[in-house]
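So the structure is just underneath, and the comments pick up after that.
Predicted model only: the values in this text are computed from it and were never measured.
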Amino acid sequence: MNSGKGHSLWRGILFMLIASACASLLAILTVYTKFVPPAVVASAHIVLPVLIVALIADRSVWAGILAPSLRPALVRACFVAGGQILHVLALFEGQLAKVVLLHHISPLLFPLLAWAWLGERMGRLTLVGLLFGFTGLLVVLQPWEGASLALDFATIAALCSGVAATISKLLLYKIARTYDQSARTTFIQTFGLAAILSLPLAVYAILSPGETRVAHSAPEMNGEQLVIVVIAAFIAMAVVAIVDQLLTDCAYRLLPNAELIGPFMYMAVLFSMLFDWVFLDRVPGTPLIVGAGLVVVGATLAIKSAQDGLQRRVNVEDALE
């Protein structure tokens with residue numbers, strides 16, 4: 001019993017790490033679609049993944065689509081659609097590392113919302129871990145050096161997308177823990193509704209005047225190369241988004257409490273720095289490295305806190321049997 005629960009914890013942690021890497025990879029892939037209207041890119045983030053999952057879904061998945069969980073899925077879909085559009089706009093207008101960092105502000109909000117909304121208690125080590133993570137955020141942004149959060153459009157959009165992502169993840173956690181349905185059913189519910197909400201904006205962007213579509217300069221490629229690049233990027237984003245969402249859903253079912261999820265969502269910031277270096281040849285500076293190290297320390301403390309709490313619950317259960 002003890003071993004089984006311990007394995008579930010580490011499987012949930014592994015799934016969250018992979019999902020965080022996928023979230024960072026999505027941001028990098030978005031850069032390669034910068035010459036496409038933001039609403040179209042955001043809609044593609046949503047529509048293509050749900051189409052792929054829908055095509056491979058079996059009858060049991062479709063049977064659960066109209067379940068009672070559809071109502072909270074609709075609420076979550078609103079935050080998914082709005083958050084995606086804001087995130088893409090921020091990526092197009094701002095610096096990649098800064099936007100990803102602000103978009104993943106959810107680790108600072110998730111434990112607080114889990115405490116206020118779900119009534120979950122935060123362990124002391126989790127609080128210490130969040131303190132390290134917040135300190136790491138300050139080290140990266142360095143407000144004392146004049147690099148404060150200027151309230152430009154990209155910063156505001158990134159912050160709002162981060163809040164929307166936090167609420168979306170918390171709703172997913174609540175759905176996954178409340179309703180007995182597969183991760184694919186939850187995925188189709190939420191992203192299907194989000195697709196319905198986002199498609200009109202994408203159609204409007206396509207039909208709008210040409211200057212809107214070329215606001216972001218395209219790379220030095222001919223028309224055929226641009227089409228190939230954008231199609232390849234969209235397909236890659238769809239696959240990565242599916243892996244991200246399904247693994248996140250599975251992780252939520254395996255992790256013992258919501259407060260552990262926050263620090264691991266912050267790991268996406270570390271992955272974004274790595275991908276920014278590997279794919280875009282942007283070497284992270286000392287503040288990024290130091291801040292990332294503090295985030296890792298915070299995540300490690302959160303693991304320790306969850307393990308101790310899980311061990312105490314297992315010991316109580318064993319004593320009662």
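Taking the side chain to side chain donor-acceptor pair (under 3.5 Å) definition, one finds that Thr186 meets it with Gln181, sequence neighbours left out. Remark: His87 engages His103 in a ring-ring contact (aromatic ring centres under 6.0 Å, His included) (not counting sequence neighbours). Asp180 is linked by a salt bridge (charged side-chain N to carboxylate O under 4.0 Å, His left out) to nothing, counting only residues two or more places apart in sequence or in another chain.
Among all heavy-atom pairs drawn from Leu17 and Phe271, the shortest one is O-CE1, 3.4 Å. For the pair Ala44 and Pro49, the tightest heavy-atom approach, listed with the atom from each and the gap, is O-CD, 3.4 Å. For the residue pair Phe234 and Val36, the shortest heavy atom distance occurs at CZ-CG1, 4.4 Å. Shortest non-hydrogen contact noted between Ser168 and Val80 is OG-CG2, 3.4 Å. Here the closest heavy-atom approach between residue Ala194 and residue Ala77 is recorded as N-CB, 3.5 Å. Closest non-hydrogen pair, Ala158 versus Ala90, comes out as N-CB, 3.7 Å.
In this structure, Phe187 CZ and Ser182 OG are separated by 11.5 Å, a value rounded to the nearest 0.5 Å. Put simply, OG1 on Thr135 and CG on Leu131 are 4.5 Å apart, with the number rounded to the nearest 0.5 Å. Taking SG of Cys160 as the start and CG of Leu86 as the end, the distance is 6.0 Å to the nearest 0.5 Å. Here the straight-line distance linking atom SG of Cys22 with atom CZ of Phe15 works out to 12.0 Å at 0.5 Å rounding. Put simply, CZ on Arg71 and CD1 on Ile175 are 12.5 Å apart, with the number rounded to the nearest 0.5 Å.
Using a 4.5 Å heavy-atom cutoff, the side chains of Tyr179 and Thr185 are not in contact. Taking the side chain as every heavy atom from C-beta outward, Val75 and Ile167 never approach each other to under 4.5 Å. Side chains of Gln189 and Ser69 form a contact here, defined as non-hydrogen atoms less than 4.5 Å apart.
Among residues at least two apart or in separate chains, there is no salt bridge (Lys or Arg N to Asp or Glu O under 4.0 Å) pair with a member in residues 19-32. Within the structure, ring pair (Phe, Tyr, Trp, His ring centres under 6.0 Å) pairs that include any residue of residues 43-86 do not occur (at least two apart or interchain).
A 6.0 Å sphere centred on CZ of Phe132 holds no more than 12 heavy atoms belonging to other residues, nucleotides or ligands.
In this structure, Val41 is a member of the same hydrophobic cluster as Ile231, with clusters built from ILVMFWY side-chain heavy atoms closer than 4.5 Å. Linking Ile, Leu, Val, Met, Phe, Trp and Tyr whenever their side-chain heavy atoms come within less than 4.5 Å leaves Leu197 and Ile206 in two separate clusters. By the rule that hydrophobic residues join a cluster once side-chain heavy atoms approach within less than 4.5 Å of another member, Leu14 and Leu247 end up as members of one cluster. Residue Ile46 is not grouped with residue Ile196 when hydrophobic side chains (ILVMFWY) are merged at heavy-atom distances under 4.5 angstrom, including chains of intermediate members. Criterion: ILVMFWY side-chain heavy atoms under 4.5 Å apart, direct or through other members. Under it, Val47 and Ile188 are not part of a common hydrophobic cluster.
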Between Val163 and Leu159, is a side chain to side chain contact (heavy atoms under 4.5 Å, CB included) present by the stated rule, with each step listed? CA-CA 6 Å; Val163 173; Leu159 284 171; 5.7 Å; no
Assess whether side chain to side chain contact (heavy atoms under 4.5 Å, CB included) is satisfied between Leu193 and Leu70, documenting all intermediate values. CA-CA 9 Å; Leu193 292 169; Leu70 187 63; 3.9 Å; yes
Ignoring hydrogens and angles, write down the donor-acceptor pairs under 3.5 Å from the side chains of residues 51-58, residues two or more places apart or on other chains.
unit_1 : atom_1 : unit_2 : atom_2 : d
Asp58  : OD1    : Ser60  : N      : 3.3
Asp58  : OD1    : Ser60  : OG     : 2.6
Asp58  : OD1    : Val61  : N      : 3.1

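Between the side chain of Ser43 and the backbone N or O of Val40, no donor-acceptor pair lies under 3.5 Å. A donor-acceptor distance shorter than 3.5 angstrom exists from the side chain of Thr178 to the backbone of Lys174, with no hydrogens or angles considered.
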